[in-house]
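A quick write-up on the structure given underneath.
Protein chains get the first letters and strands the later ones, always in sequence-line order, with residue 1 at the start of each.
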2 protein chains.
Amino acid sequence: MKQGSEEQLNSAFAALADPVRRALIARLSRGPATVNELAEPFPITKQAVSKHIQVLEQSGLITRTREGQRRPCHLDPAALEALTSWIDTHRLTVERQFRRLDTVLDTLKEKES
Amino acid sequence: MKQGSEEQLNSAFAALADPVRRALIARLSRGPATVNELAEPFPITKQAVSKHIQVLEQSGLITRTREGQRRPCHLDPAALEALTSWIDTHRLTVERQFRRLDTVLDTLKEKES
DNA sequence: CAGTTGATCAACCAGTTGGTTGATAATTAA
DNA sequence: TTAATTATCAACCAACTGGTTGATCAACTG
């Protein structure tokens, strides 16, 4: 599943854009679970949930292990961290810009008086 | 643009899933810009960029002001914060789970000896 | 006024997505 | 071996997405 970091971000953000997949993430944050366990609460077919899980796996947000006929899913916190990291970089940049603008405005006001 | 927080997350994460829109976000983090300014670096039509900007605006990640015939775009750090907040909640939950599991394993190991 | 600039609207197209049903594989239990 | 369980594959479909071109609108500028 080697991917450029650009494609990682594409697929991971796309994965989080679906409410079913976010609910799966929320469930998995409380511990590993199988496809059947994950599918149970949803009003859609198990196949549809299986597809969602494949999307999450391809995005790197979850990993899967083999246990006989089960394929338990595990949430990967590092993948989540990569996303917050991208967002926070730009959020902090824009907040810094705002502070700089405030400073400039304060300076102008002082010159007036 | 009143939306439920579920729909907010849907559209905001979907917005970030596109590399062009992420590049627009990155540009806007360094300060406001107009559609033409934003479109200039991309090898696609201005109309396509205009659509991307509308997606960003609808998702709440950016806001727009009027300045005569210009429509400058501004990045909204609070909208970004809402996303990191959602992600971090679940990332911290799963990390907590990991630590609990480690503790259980340590306890079992101790009982063996 | 006419012309230019900034931005959007409208219609269209190819590719992707999220869902379905039905068949199939693989492992476990009787 | 047969039957049940877990999960996936395959084909299909409606809806959405990201791009295009061409027309249009609104606001400056000569």
Side-chain angles (χ1 to χ4, degrees), chain A residues 1 3 6-28 31-75, chain B residues 1 3 6-28 31-75:
Chain A
M1 209 51 50
Q3 276 184 119
E6 195 74 355
E7 282 76 22
Q8 287 269 26
L9 293 173
N10 289 350
S11 60
F13 280 128
L16 293 185
D18 186 284
V20 170
R21 288 192 294 258
R22 281 201 307 279
L24 293 174
I25 295 276
R27 165 63 186 84
L28 289 173
T34 65
V35 176
N36 276 339
E37 288 165 356
L38 290 170
E40 197 272 323
F42 295 99
I44 59 177
T45 63
K46 198 177 50 171
Q47 286 95 321
V49 174
S50 186
K51 278 193 190 178
H52 280 302
I53 290 172
Q54 287 175 58
V55 170
L56 289 171
E57 189 180 15
Q58 261 209 308
S59 75
L61 291 174
I62 70 171
T63 58
R64 313 181 70 176
T65 52
R66 274 232 96 116
E67 281 181 17
Q69 65 194 128
R70 317 259 180 80
R71 311 282 317 275
C73 303
H74 310 259
L75 188 52
Chain B
M1 211 48 49
Q3 277 185 114
E6 195 74 357
E7 283 76 22
Q8 286 269 24
L9 292 173
N10 289 350
S11 60
F13 280 128
L16 292 185
D18 187 284
V20 170
R21 286 192 294 257
R22 282 200 307 279
L24 293 174
I25 295 277
R27 165 64 187 82
L28 289 173
T34 66
V35 176
N36 276 339
E37 289 165 355
L38 290 169
E40 196 273 323
F42 295 100
I44 60 179
T45 63
K46 197 175 54 169
Q47 287 95 323
V49 174
S50 186
K51 278 193 190 178
H52 281 301
I53 290 172
Q54 286 174 59
V55 170
L56 289 171
E57 188 179 16
Q58 261 210 308
S59 75
L61 291 174
I62 70 171
T63 57
R64 312 183 69 178
T65 52
R66 276 231 95 114
E67 281 181 17
Q69 63 194 132
R70 316 258 178 83
R71 311 283 316 275
C73 303
H74 310 259
L75 188 52

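Residue A:Gln54 places at least one side-chain N or O closer than 4.0 Å to OP1 or OP2 of D:dC9. Residue A:Arg66 places no side-chain N or O under 4.0 Å from the OP1 or OP2 atom of D:dT6. Distances shown here put every side-chain N or O of B:Arg71 at or beyond 4.0 Å from the OP1 or OP2 atom of C:dT5. One finds no side-chain N or O of B:Ser50 lying less than 4.0 angstrom from the OP1 or OP2 phosphate oxygen of C:dA7. At least one side-chain nitrogen or oxygen of B:Asn36 sits closer than 4.0 Å to the OP1 or OP2 atom of C:dA7. Within the structure, a side-chain polar atom (N or O) of A:Thr34 is placed less than 4.0 Å from OP1 or OP2 of D:dA7. Considering only side-chain N and O atoms, B:Arg70 lies nowhere under 4.0 angstrom from the phosphate OP1 or OP2 of C:dA7.
Nearer to the 5' terminus of DNA chain D, by closest-nucleotide assignment, is the contact made by A:Val35 (compared with the other of B:Glu67 and A:Val35). Both B:Lys51 and A:Ala48 lie close to DNA chain C; mapped to their nearest nucleotides by heavy-atom distance, the more 5′-ward contact belongs to B:Lys51.
Between B:Phe13 atom CZ and C:dT17 atom P there is a gap of 18 Å when expressed in whole angstrom units. The nearest whole Å value for the distance from the NE2 atom in A:His52 to the C1' atom in D:dA7 is 16 Å. Distance, B:Glu37 CD to C:dG6 P: 9 Å, rounded to whole Å. For A:Leu24 and C:dG18, the CG to C1' distance is 13 Å, given to the nearest whole Å. Regarding A:Ile44, its CD1 atom lies at a distance of 16 Å from the C1' atom of D:dC13, rounded to whole Å. To the nearest angstrom, C1' of D:dT17 lies 14 Å from CG of A:Asn10. The distance from atom CD of A:Gln47 to atom C1' of C:dT24 is 12 Å, rounded to the nearest whole Å. Look at CG on B:Asp18: it is 12 Å from P on D:dT17, rounded to the nearest Å.
For the atom pair A:Ile62 CD1 and A:Arg21 CZ, the distance stands at 11.0 Å (nearest 0.5 Å). Rounding to the nearest 0.5 Å gives a distance of 6.0 Å between CG of A:Leu28 and SG of A:Cys73. Atom CG of B:Leu24 and atom CG of B:Leu16 lie 11.0 Å apart (nearest 0.5 Å).
When distances are taken from the side chain of B:Gln69 to each of D:dT20, D:dT8, C:dT5, the shortest belongs to C:dT5.
Between the B:Arg27 side chain and the B:Glu37 main chain, no donor and acceptor come within less than 3.5 Å of each other.
Among B:His74, B:Glu57, B:Arg70, the one residue that satisfies the side-chain contact (heavy atoms from CB on, under 4.5 Å) test with B:Arg64 is B:Glu57.
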